[in-house]
Novice: 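I have a structure I would like to understand better, so I am pasting it below and will then ask my questions one at a time.
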Amino acid sequence: MSDSQQPTGTADSSDENRLIAQRRDKLNAIRAQGNAFPNSFRRSDYAADIHASYADKEKEELAELAIAACVAGRIIRMRGPFIVIQDMTGQIQLYLNIKEFPEEKRAEIKSWDLGDIIGTRGHIFRTDKGELSIRVEEICLLTKSLRPLPDKHKGLTDTEVRYRQRYVDLIANEDARETFIIRSRIVSAIRNFMSEQRYMEVETPMMQVIPGGAVARPFITHHNSLDQDMYLRIAPELYLKRLVVGGFERVYELNRNFRNEGLSTRHNPEFTMLEFYQAYADYHDLMSLTEDMLRRIAYDVIGSGKITYQEIELDFDSPFTRMTLLEAILEKVDGVTLEQLEDHEQVSALAKSMGIAVKDKWGTGKIQLEIFEEKVEESLQQPTFITQYPTEVSPLARRNDDNPAISDRFELFIGGREIANGFSELNDSEDQAQRFKAQVAEKEAGDDEAMHFDQDYITALEYGMPPTAGEGIGIDRLVMLFTDSASIRDVLLFPHMRPVNG
RNA sequence: GGGGCGUUAGCUCAGUCGGUAGAGCAGUUGGCUUUUAACCAAUUGGUCGUGCGUUCGAGUCGCACACGCCCCA
């Protein structure tokens with residue numbers, strides 16, 4: 001009976017099959033010949049460079065030029081005397097007439113499989129059918145692949161395997177490679193842009209004693225030698241503003257945040273955020289900066305100010321629409337009046353009629369925000385700045401000079417999703433202390449997403465933080481837009497997955 | 001947390017009314033060797049996610065669980 005509880009084999013051997021066994025036999029034969037994993041081959045050329053350099057050369061011209069090439073990569077197709085290899089830049093075809101090689105080498109070449117990694121030297125030529133290729137003169141196996149590749153035409157489609165074994169996805173699917181190349185280019189474009197704006201990149205703690213800067217549930221961890229609980233950061237905000245106090249007047253951090261929340265097509269427990277702060281600026285300045293930045297990314301990465309996301313054309317060329325939260329509700333929800341939205345009893349009744357579970361402690365501003373999120377957010381496809389968020393829901397933002405109930409804050413929506421959140425910073429240490437106290441009261445009332453009181457941050461503000469504006473941009477969602485990805489998992493190399501065995 | 005859909009060969013997928021498990025690709029053997037999803041001939045390969053149940057008989061019907069995808073909270 002207890003035998004049924006025992007594993008029948010190791011994970012390593014349970015998924016072995018005859019295809020792997022055949023390849024393992026081949027590897028054993030190579031081992032018997034000498035070094036099965038040589039690392040002495042050095043390539044000098046890349047597939048994409050060869051295509052770019054000789055795209056316009058005819059067959060006869062290439063024959064006269066007799067250009068030598070030395071490439072390496074993974075075998076992804078074999079047809080007759082042709083072998084297609086893939087390197088980090090793309091694919092190139094090799095022509096290998098096996099009859100030109102001695103008997104021993106022929107047997108070795110015949111034993112090679114799709115997926116094996118080889119290095120080769122030869123000359124560039126064009127086939128009768130016009131394909132730029134390399135005529136192989138020397139060729140050797142560099143790494144034997146033991147596992148068969150997915151279908152050579154259809155690639156790998158099983159989403160679970162694509163996420164769990166991203167390395168296979170990247171070998172088999174051009175789209176996946178392209179997505180992560182674009183992601184890298186977006187990040188580069190942002191760093192270049194920020195650098196040009198005299199911003200300085202910094203790194204602040206990811207493990208924090210007091211998690212701050214956002215309203216979210218943190219992950220808890222423990223420092224053994226200090227015997228102290230610590231939190232993975234939910235935002236770098238309070239540290240970045242300490243640096244502004246210190247005199248770094250333009251700082252940014254582009255790195256991971258961690259939030260202990262559910263998973264969805266738009267949420268992963270760890271995600272990447274660009275967060276930046278600029279002294280002597282307000283939220284209007286940052287809206288302009290954001291517009292410039294996104295337009296720059298579009299042209300750097302896509303080469304156009306128009307991109308298509310889920311069959312909708314998004315326009316980054318035109319000035320982004322700007323409207324207040326209340327204006328947006330009035331425009332998008334039929335039959336609602338300003339008087340209704342500004343009166344607590346009426347707006348509460350309105351929210352309830354929309355199916356929103358209004359809580360007693362919610363103020364008018366919170367209810368307005370809930371209505372916006374329920375009825376308006378999804379319709380904001382074209383880049384749109386929404387401004388004048390209620391102070392009640394913006395504990396770190398500066399109050400508007402004319403109306404203390406609203407804050408000098410904006411959020412940017414594109415494709416129906418929040419992409420950025422920015423505001424003029426609260427630099428009044430006494431106001432900030434009071435708002436922390438209000439958050440602590442909510443935490444004590446049972447809201448585990450409410451903020452802690454951060455005394456050192458108050459102390460920093462007491463030294464004086466210049467008037468400043470700050471913003472966070474969700475990089476994963478931005479990459480989703482520019483790669484036309486429906487799920488955040490498609491833009492994360494290794495998205496969080498439930499373990500296979502419990 | 002709730003609902004829907006999915007899980008069959010290494011990969012991509014069929015599988016009818018419950019009655020011996022199928023194809024293409026990959027692999028193996030041979031042929032061909034400037035091909036383009038190369039081609040021709042032959043051929044190997046299955047714990048049908050896991051467990052329990054119904055039945056003479058379950059890939060197929062029922063229940064539970066696991067993992068995934070989508071929607072909702």
Side-chain angles (χ1 to χ4, degrees), chain A residues 1 4-9 11 13-26 51 58-60 62-63 74-85 91-101 106-107 109-116 122-136 144-169 171-174 261-268 310 354-359 370 373-374 378 416 485-490 495-502:
Chain A
M1 279 180 73
S4 65
Q5 300 295 323
Q6 299 300 317
T8 53
S13 63
S14 64
D15 63 346
E16 290 277 313
N17 62 36
R18 70 190 194 290
L19 297 176
I20 295 172
Q22 282 167 1
R23 289 179 178 224
R24 220 175 267 286
D25 288 344
K26 291 176 181 175
H51 286 295
E58 297 301 328
K59 183 177 169 75
E60 294 73 18
L62 284 168
R74 188 184 296 276
I75 300 174
I76 56 161
R77 264 189 290 284
M78 293 192 279
R79 33 172 193 259
F82 297 96
I83 296 175
V84 179
I85 63 167
Q91 302 173 356
I92 184 84
Q93 177 173 273
L94 313 178
Y95 172 71
L96 186 157
N97 187 346
I98 202 162
K99 290 177 178 166
E100 295 172 1
F101 290 82
R106 286 189 209 181
I109 292 169
K110 278 185 172 177
S111 76
W112 292 348
D113 293 296
L114 294 178
D116 289 353
H123 284 80
I124 295 168
F125 77 110
R126 196 176 286 285
T127 66
D128 288 348
K129 304 287 184 182
E131 177 97 17
L132 198 64
S133 309
I134 297 173
R135 175 185 284 275
V136 171
K144 183 67 191 171
S145 170
L146 295 178
R147 289 176 182 266
L149 293 181
D151 190 281
K152 67 177 179 178
H153 313 306
K154 306 211 169 151
L156 181 66
T157 65
D158 185 311
T159 50
E160 185 168 357
V161 180
R162 290 185 53 220
Y163 298 151
R164 288 192 197 278
Q165 297 181 272
R166 184 66 89 182
Y167 40 90
V168 182
D169 186 33
I171 292 168
N173 295 333
E174 169 72 26
E261 295 162 353
L263 288 75
S264 79
T265 52
R266 293 181 294 280
H267 299 87
N268 194 66
Q310 308 289 293
M354 292 170 170
I356 296 167
V358 179
K359 294 178 182 167
E370 291 286 329
E373 288 179 352
E374 174 70 23
E378 198 177 22
S485 300
S487 170
I488 195 171
R489 296 180 204 98
D490 294 326
H496 182 76
M497 300 289 277
R498 208 182 286 265
V500 180
N501 297 316

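Below, chains carry the letters A, B, ... as their sequence lines are ordered, and counting in each starts from 1.
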Novice: Establish, with yes or no, whether the OP1 or OP2 oxygen of B:U33 is under 4.0 angstrom from a side-chain nitrogen or oxygen of A:Asn97.
Specialist: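 Answer is no, no contact under 4.0 Å.
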Novice: Can you say whether a donor on the side chain of A:Gln93 sits under 3.5 Å from an acceptor on the base of B:U35, or the other way round?
Specialist: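 In this structure, the two groups form a donor-acceptor pair.
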Novice: Any side-chain heavy-atom pair from A:Asp169 and A:Tyr163 closer than 4.5 angstrom?
Specialist: no
Novice: What I want to check is whether an N or O donor and acceptor connect the side chain of A:Ser133 with the base of B:U34 at under 3.5 Å.
Specialist: no
Novice: For A:Leu19, which contact category applies under a 4.0 Å heavy-atom criterion: base, sugar-phosphate, or nothing?
Specialist: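 Since a base atom lies under 4.0 Å of A:Leu19, the category is base.
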Novice: Are A:Arg79 and B:A38 close enough that a side-chain N or O sits under 4.0 Å from OP1 or OP2?
Specialist: yes
Novice: Which one is paired to B:A21, where only Watson-Crick or G-U wobble pairs with both distances under 3.5 angstrom count?
Specialist: none
Novice: What I'd like to find out is whether the side chain of A:Ile85 reaches to under 4.5 Å of the side chain of A:Arg74, using heavy atoms alone.
Specialist: no
Novice: Think A:Lys26 has a side-chain N or O under 4.0 angstrom from the OP1 or OP2 of B:U28?
Specialist: yes
Novice: Suppose you measure atom C1' in B:C5 against the same atom in B:G45; what distance do you get, rounded to whole Å?
Specialist: 30 Å
Novice: Using Watson-Crick or G-U wobble geometry with both distances under 3.5 Å, which nucleotide pairs with B:G6?
Specialist: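 Checking every strand shown, B:G6 finds its partner in B:C67, with both distances under 3.5 Å.
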Novice: If we count only N and O atoms by modelled type, under 3.5 Å, do the side chains of A:Arg79 and A:Gln93 hold a donor and an acceptor together?
Specialist: yes
Novice: Name the residue closer to the 5' end of RNA chain B, choosing between A:Ile98 and A:His153 according to the nucleotide with the nearest heavy atom.
Specialist: A:Ile98
Novice: Taking any heavy-atom pair under 4.0 Å as a contact, classify A:Pro148: base, sugar-phosphate, or nothing.
Specialist: sugar-phosphate
Novice: On a heavy-atom basis, which atom in A:Arg489 and which in A:Thr265 lie closest, and how many Å separate them?
Specialist: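 The answer is NH2-N, 4.4 Å.
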Novice: Using a cut-off of 4.0 Å between protein heavy atoms and nucleotide atoms, how would you tag nucleotides 68-73 of chain B 5' to 3' with B, S and -?
Specialist: SSSS--
Novice: Which nucleotide wins on minimum distance to the side chain of A:Asp151, given the candidates B:U33, B:G24, B:U35?
Specialist: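 Comparing B:U33, B:G24, B:U35 against the side chain of A:Asp151, the answer is B:G24.
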Novice: For B:A37, take OP1 and OP2 only and decide whether either is under 4.0 Å from a side-chain N or O of A:Lys152.
Specialist: no
Novice: What's A:Arg77 touching, base or sugar-phosphate or nothing? Going by heavy atoms closer than 4.0 Å.
Specialist: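 It contacts sugar-phosphate atoms only.
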Novice: Quick one: the side chain of A:Thr127 and the base of B:U35, do they pair up donor-acceptor inside 3.5 Å?
Specialist: yes
Novice: Determine whether a donor-acceptor pair (one donor, one acceptor, N or O, separation below 3.5 Å) exists between the side chain of A:Arg135 and the base of B:U34.
Specialist: yes
Novice: Any Lys/Arg nitrogen of A:Arg106 or A:Glu100 sitting under 4.0 Å from an Asp/Glu carboxylate oxygen of the other?
Specialist: no
Novice: Just N and O in the side chain of A:Lys154: are any of them under 4.0 Å from OP1 or OP2 of B:C13?
Specialist: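 Negative; the distance criterion is not met.
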Novice: Measure across A:Ser111 and A:Lys144 and return the closest heavy-atom pair with its distance rounded to 0.1 Å.
Specialist: O-NZ, 3.5 Å
